Number of protein chains: 2
Amino acid sequence: MVIRDKIAADTCDVYFVDENKVGAVQKLLESIVVFSELAELFKVLGDPTRIKIIYILSVEELCVCDIAGVLGLSVSAVSHQLRTLRNLKLVKFRREGKMAYYSLDDAHISQLFNQGLEHIKE
Amino acid sequence: MVIRDKIAADTCDVYFVDENKVGAVQKLLESIVVFSELAELFKVLGDPTRIKIIYILSVEELCVCDIAGVLGLSVSAVSHQLRTLRNLKLVKFRREGKMAYYSLDDAHISQLFNQGLEHIKE
DNA sequence: GTAACATTTGAACAACTGTGCAAATGAGGT
DNA sequence: ACCTCATTTGCACAGTTGTTCAAATGTTAC
């Protein structure tokens with residue numbers, strides 16, 4: 001797909017930009033609501049605390065206060081973040097008495113995690 | 001790796017948590033500075049504007065003001081975001097006269113992009 | 001030199017986000 | 001009934017973020 005015509009390649013006045021094609025791309029961007037969701041997924045992964053929680057849970061199923069203990073955060077803070085992760089179905093939990101044991105809910109997450117590491121290493 | 005002992009499985013008092021293993025995990029978390037970088041990568045991808053820019057650039061190399069035109073944003077806003085993307089080496093640019101043509105700088109990004117979509121679709 | 005244009009940069013502002021505190025909820029034991 | 005403990009939730013506040021405006025930078029043409 002071509003967004004600009006070559007004839008417009010030497011200037012940036014809006015006048016020269018191919019209106020039809022720009023319109024097409026805009027429509028594409030709008031129609032694909034997925035972008036918002038995708039950004040939301042990455043945004044949730046884009047916090048040090050949450051990415052650590054995800055890593056910890058990829059190692060072992062844990063309850064809230066243990067996660068808090070490992071991360072050195074308040075139980076409340078962890079619970080807040082777990083809710084965020086739950087909303088995007090990245091983690092799940094099972095109740096056992098008073099405790100809530102959290103674990104990863106999606107296989108894709110580990111893949112995203114590792115692929116992200118790939119980029120970091122470069 | 002085990003973070004908690006089974007003996008501690010029915011309570012959450014810090015006293016009962018295996019201090020050695022918690023310490024080990026904490027040390028692991030600290031030593032792996034990568035987590036911060038990884039979170040930063042995801043954070044940068046976690047913005048609607050930036051994810052759209054990345055998508056647009058995966059289609060075609062474009063100059064700043066055309067990206068702004070397609071997204072309906074000010075040139076300044078786009079330039080700010082492009083700098084963020086440049087800092088993480090997600091996009092690169094070549095100068096040609098007054099114009100700066102941006103394109104993707106990393107093959108991994110497309111993969112991350114698509115893998116993120118996988119999760120959304122579920 | 002000046003003028004025009006694309007881009008970058010800094011400042012300011014509103015909007016959002018992560019955390020801790022305190023109160024509320026829920027679930028087991030006595 | 002009560003008490004205890006794990007978790008959740010609402011609130012407040014500091015810190016961060018995305019945008020726009022205006023000024024600065026850099027490049028081309030005259």
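Not measured: the values here are computed from a predicted model.
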Colleague: Can you tell me the distance, in whole Å, between the NZ atom of B:K52 and the C1' atom of D:dT19?
Modeller: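 Taking atom C1' of D:dT19 as the reference, NZ of B:K52 is at 14 Å.
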
Colleague: What pairs of nitrogen or oxygen atoms, one from the protein and one from nucleotides 2-4 of chain D, lie under 3.5 Å apart?
Modeller:
none

Colleague: Can you check the A:R94 CZ to C:dA27 P distance for me, whole Å?
Modeller: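 So the two atoms are 16 Å apart, to the nearest Å.
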
Colleague: My understanding is that only residues two or more places apart in sequence, or in another chain, count here; which of them pass side chain to side chain contact (heavy atoms under 4.5 Å, CB included) with B:N87?
Modeller: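 With sequence neighbours excluded, B:N87 shows a side chain to side chain contact (heavy atoms under 4.5 Å, CB included) to B:R83, given in chain and number order.
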
Colleague: Using atom CD of B:E96 as one end and atom P of D:dT27 as the other, report the distance to the nearest whole Å.
Modeller: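 So the CD-P distance, B:E96 to D:dT27, works out to 14 Å.
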
Colleague: Any side-chain N or O of A:Y102 below 4.0 angstrom from OP1/OP2 of D:dA6?
Modeller: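 For D:dA6, neither OP1 nor OP2 has a side-chain N or O of A:Y102 closer than 4.0 Å.
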
Colleague: Could you write out each protein N or O paired with an N or O of nucleotides 14-20 of chain C at a distance under 3.5 Å?
Modeller:
from	atom 1	to	atom 2	distance (Å)
C:dT17	OP1	A:K43	NZ	2.8
C:dG18	OP1	A:R50	NH1	3.0
C:dG18	OP1	A:R50	NH2	2.6
C:dG18	OP2	A:R50	NH1	3.4
C:dT19	OP1	A:T49	OG1	2.6
C:dT19	OP2	A:Q81	NE2	2.4
C:dG20	OP2	A:S74	N	3.2
C:dG20	OP2	A:S74	OG	2.7
C:dG20	O6	A:H80	NE2	3.0

Colleague: On DNA chain C, check which nucleotide each of A:G97 and B:R86 is closest to and give me the residue with the more 5' one.
Modeller: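 The residue closer to the strand's 5' end, by nearest nucleotide, is B:R86.
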
Colleague: Output the distance between atom CZ (A:R94) and atom OG (A:S103), rounded to the nearest 0.5 Å.
Modeller: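 Answer for the CZ-OG pair, A:R94 versus A:S103, is 8.0 Å.
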
Colleague: By side chain to side chain contact (heavy atoms under 4.5 Å, CB included), which residues pair with A:S76, not counting sequence neighbours?
Modeller: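 Partners of A:S76 under the side chain to side chain contact (heavy atoms under 4.5 Å, CB included) test: A:S74, A:H80.
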
Colleague: Could you grab the distance from atom CD of A:E40 to atom CG of B:D47, nearest 0.5 Å is fine?
Modeller: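 The distance works out to 12.0 Å.
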
Colleague: Is the ring centre of B:Y102 less than 6.0 Å from the ring centre of B:F93?
Modeller: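 Ring-ring flag for B:Y102/B:F93: true, centres closer than 6.0 Å.
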
Colleague: For the atom pair CD (B:Q81) and CG (B:L71), what is the distance rounded to the nearest 0.5 Å?
Modeller: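 The CG atom of B:L71 is 10.0 Å from CD of B:Q81, to the nearest 0.5 Å.
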
Colleague: Let me know the distance between CE of B:M99 and C1' of D:dT27, rounded to the nearest Å.
Modeller: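 My rounded result for the distance is 12 Å.
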
Colleague: With sequence neighbours left out, what residues match B:V75 under side chain to side chain contact (heavy atoms under 4.5 Å, CB included)?
Modeller: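 Checked B:V75 against side chain to side chain contact (heavy atoms under 4.5 Å, CB included); matches are B:V64, B:C65, B:A68.
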
Colleague: Does C:dT7 have OP1 or OP2 under 4.0 Å away from a side-chain N or O of B:R83?
Modeller: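 False: B:R83 side-chain N/O out of range (4.0 Å or more) of C:dT7 OP1/OP2.
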
Colleague: Could you state the CZ-P distance from A:F93 to D:dT7, rounded to the nearest angstrom?
Modeller: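 In whole Å, D:dT7 P and A:F93 CZ are 11 Å from each other.
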
Colleague: Mind calculating the distance between OH (B:Y101) and C1' (C:dT7) to the nearest angstrom?
Modeller: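 Atom-to-atom, B:Y101 to C:dT7, this comes out as 13 Å.
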
Colleague: Can you list the residues that meet the side chain to side chain contact (heavy atoms under 4.5 Å, CB included) rule with A:V44, with sequence neighbours excluded?
Modeller: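 For A:V44 the side chain to side chain contact (heavy atoms under 4.5 Å, CB included) partners, ignoring immediate neighbours, are A:R50, A:T84, A:L85, A:L88, A:L90.
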
Colleague: CD1 of A:I51 to NZ of B:K43: how many Å apart, nearest 0.5 Å?
Modeller: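 Reported to 0.5 Å precision, the distance equals 12.0 Å.
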
